[in-house]
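Down below is the structure, laid out as structure tokens.
When reading the values below, keep in mind they use all heavy atoms of this one structure, side chains included, and skip hydrogens, waters and symmetry mates. Counting convention: from 1, in listed order, for ligands and their atoms alike.
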Amino acid sequence: MRSGGHCLENFTASSEVKEIIDLSQMSDVYFDESRKAFSVGPGAIVAPTQNTLFKGWGVMIPSAGCSEVGLGGHILGGGYNFYSRMHGIAVDHLYAVEVVVVGADGTPRTVVATREANDPNRGLWWAHTGGGGGNFGVVTRYWLRTPGVVSTDPGTLLPRAGNQRVRTVQWSWESLSQQSFTTLIRNYCQWFERNSAPGAKETQIWATFSGSHRSAGTIGLMAGVEDTVEGGEALLDRLFADVTSGAGVKVASDTRHELPWLDRDNWYWGPPGRQKDKTSDLRKSYTDEQIATIYRYLNDDSISNPGAQVNLAALGGKINTIRPDATAYVHRDSVLRVYFTPGVWRTQSEDAAHVAWVRKLYRDVYSTTGGVPVPNDINAGAYINYPDVDLADPAWNTSDTPWHTLYYGANYARLQQVKKAYDPRDVFRHALSIRPA
Ligand SMILES: Cc1cc2nc3c(=O)[nH]c(=O)nc-3n(C[C@H](O)[C@H](O)[C@H](O)COP(=O)(O)OP(=O)(O)OC[C@H]3O[C@@H](n4cnc5c(N)ncnc54)[C@H](O)[C@@H]3O)c2cc1C
């Protein structure tokens, strides 16, 4: 199945795939009176969907930062964006899902599975709250509505969309020593370690730290807060003051601006190209040794791609108010999501250098846990919407922890049971698909 085509592995593009079910034309978005929920087709793309929801009802889904991601695959994996600290992730608002499944005799049937406690198909709904794409059947529709809101006004049934105050500070690589780099990253991580508890006023701040490769010239921190938050500007300033404290770095640029909601959500990632990215979640700050490894790779000239970076996006807050087994999305105690990317490149001849850089970087950052983020005091595993087949490859995962524990933790066994019940023939499969129990 392919909806928005943004899969970060070649699950729908590998030469083993013989047929594609293309859902991209099923992209309608409307308020469904009968279910009192917003109905979204799998082919709906983030930016036009947010436009429709905002212009129609003033609401939004806390889903992908990239405007071009398809909701078909995105919601299935959990779906987060900057506003998730305030509003949770996309599946926290998933009321129901319509799926075409294939029975043991090969006959397809359509099932609507809801979060209602008495729904006999509730297990299938649960599996769609973070179980990942391409596992159980073909999603042909989602319905979204925030749990616990009782109202006839659609404008209250999803989070309200708001204009943002944004501040971006950049530091030049020329002015950075390893010590100042370490202090910045450590301060940033520790800030979110301290300020991500559900309900804390600091969870109204979203932030993303771009630890860009030296060839980009600068590294930077962008953070924001909704313009209706009382004292929001002061909260933002405190974040920047705390992050730079003791770093002794010279600011290359410092900008503040107001960002209307629609401008914010229409962010475009950049031109498409070849990619190999990795991710991991953090419960606590990296150690200084890990930051030293990141510093070394960002200064490594075996690649020269300004898009290469280690990006740290803030999580926590509302996301962590939900029990890890209440949805298939298990990462309910992370405070940061780290994204390792060599950037995007154009030609196959550049593959080897880019892929080697990101593989070795990741392996070395997690050298004490077998090259992967084995859940422990610091690590919380990986996010299935950023699938990475290396986690299932013994050459790159030398820990005793299987790939599915990294992605799903203790929820994997239940996902396998749902798989057995709804896809007993394992019709829907790829390199990291749920194996039937
Ligand atoms: C540039 C970029 C930015 C991103 N930003 C974010 C972000 O900010 N936050 C975040 O959470 N994620 C982000 N992602 C990850 C994104 O959420 C996933 O790649 C997601 O799976 C994309 O969904 P899609 O429909 O576009 O992809 P597709 O390639 O169409 O599908 C992805 C997977 O889902 C399966 N699938 C697709 N449609 C269906 C369906 N209808 N029924 C069943 N299975 C289906 C596919 O078979 C495949 O396995 C980003 C990805 C990219 C490339």
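- With a 4.5 Å cut-off on side-chain heavy atoms, R214 and L298 do not count as touching.
- Near G79, meaning under 4.0 Å from one of its heavy atoms, ligand 1 places the atoms 11 (O).
- Here the NZ-CG distance, from K278 to L361, works out to 9.5 Å after rounding to the nearest 0.5 Å.
- Counting heavy atoms under 4.0 Å from ligand 1, residue N135 does not touch it at all.
- Between H74, E9, M26, H430, it is H74 that holds the heavy atom closest to atom 23 (O) of ligand 1.
- Distances between N or O atoms of F11 and those of ligand 1 include no value under 3.5 Å.
- Between G4 and ligand 1, at least one N/O pair is under 3.5 Å apart.
- Between Y362 and F340, the ring planes are perpendicular. Angles over 60° get that label, and only those under 30° would be called parallel.
- Of the candidates R145, K318, R332, R332 is the only one forming a salt bridge (Lys or Arg N to Asp or Glu O under 4.0 Å) with D92.
- Residue contacts with ligand 1 include G5, since one of its heavy atoms falls under 4.0 Å from the ligand.
- Looking at G72, G137, G133 and measuring to atom 43 (C) of ligand 1, the nearest heavy atom belongs to G137.
- Close approach to L76 involves these atoms of ligand 1, each under 4.0 Å from a residue heavy atom: 43 (C), 44 (N), 45 (C).
- Taking the ring centroids of Y80 and Y383, they lie under the 6.0 Å cut-off.
- The aromatic rings of W57 and F31 are tilted relative to each other, their planes meeting at an angle between 30° and 60°.
- Of the heavy atoms in Y386, only side-chain atoms (C-beta onward) come closer than 4.0 Å to ligand 1.
- The aromatic rings of H331 and Y329 stand perpendicular to each other, their planes meeting at an angle above 60°, with 30° marking the opposite boundary.
- Residues D388 and W403 have side chains that never bring a donor and an acceptor to within less than 3.5 angstrom of each other.
- Ring planes of W357 and H213: perpendicular class, angle over 60° (limits at 30 and 60°).
- Annotation: G70 places an N or O atom under 3.5 Å from an N or O atom of ligand 1; distance criterion only.
- Checked by distance only, ligand 1 and V138 stay at 3.5 Å or farther apart across all their nitrogen or oxygen atoms.
- Looking at V139, L432, T140, L71, it is V139 that brings a heavy atom closest to atom 42 (N) of ligand 1.
- For C7, heavy-atom contacts with ligand 1 shorter than 4.0 Å involve the backbone as well as the side chain.
- When only interatomic distances are considered, the shortest N/O to N/O separation between H6 and ligand 1 falls below 3.5 Å.
- Contacts with ligand 1 closer than 4.0 Å are made by side-chain heavy atoms of Y383 only, the backbone lying farther away.
- The backbone N or O of P62 sits nowhere less than 3.5 Å from a side-chain atom of H93 that would complete a donor-acceptor pair.
- Here's the thing with P42: none of its N/O atoms is less than 3.5 angstrom from an N/O atom of ligand 1.
- Taking every heavy atom of L23 and a limit of under 4.0 angstrom, the matching atoms of ligand 1 come to 41 (N).
- The closest heavy-atom contact to atom 4 (C) of ligand 1, among the options T12, I89, V69, V46, comes from V69.
- Of the N and O atoms on the side chains of S212 and S210, not one donor lies less than 3.5 Å from an acceptor on the other residue.
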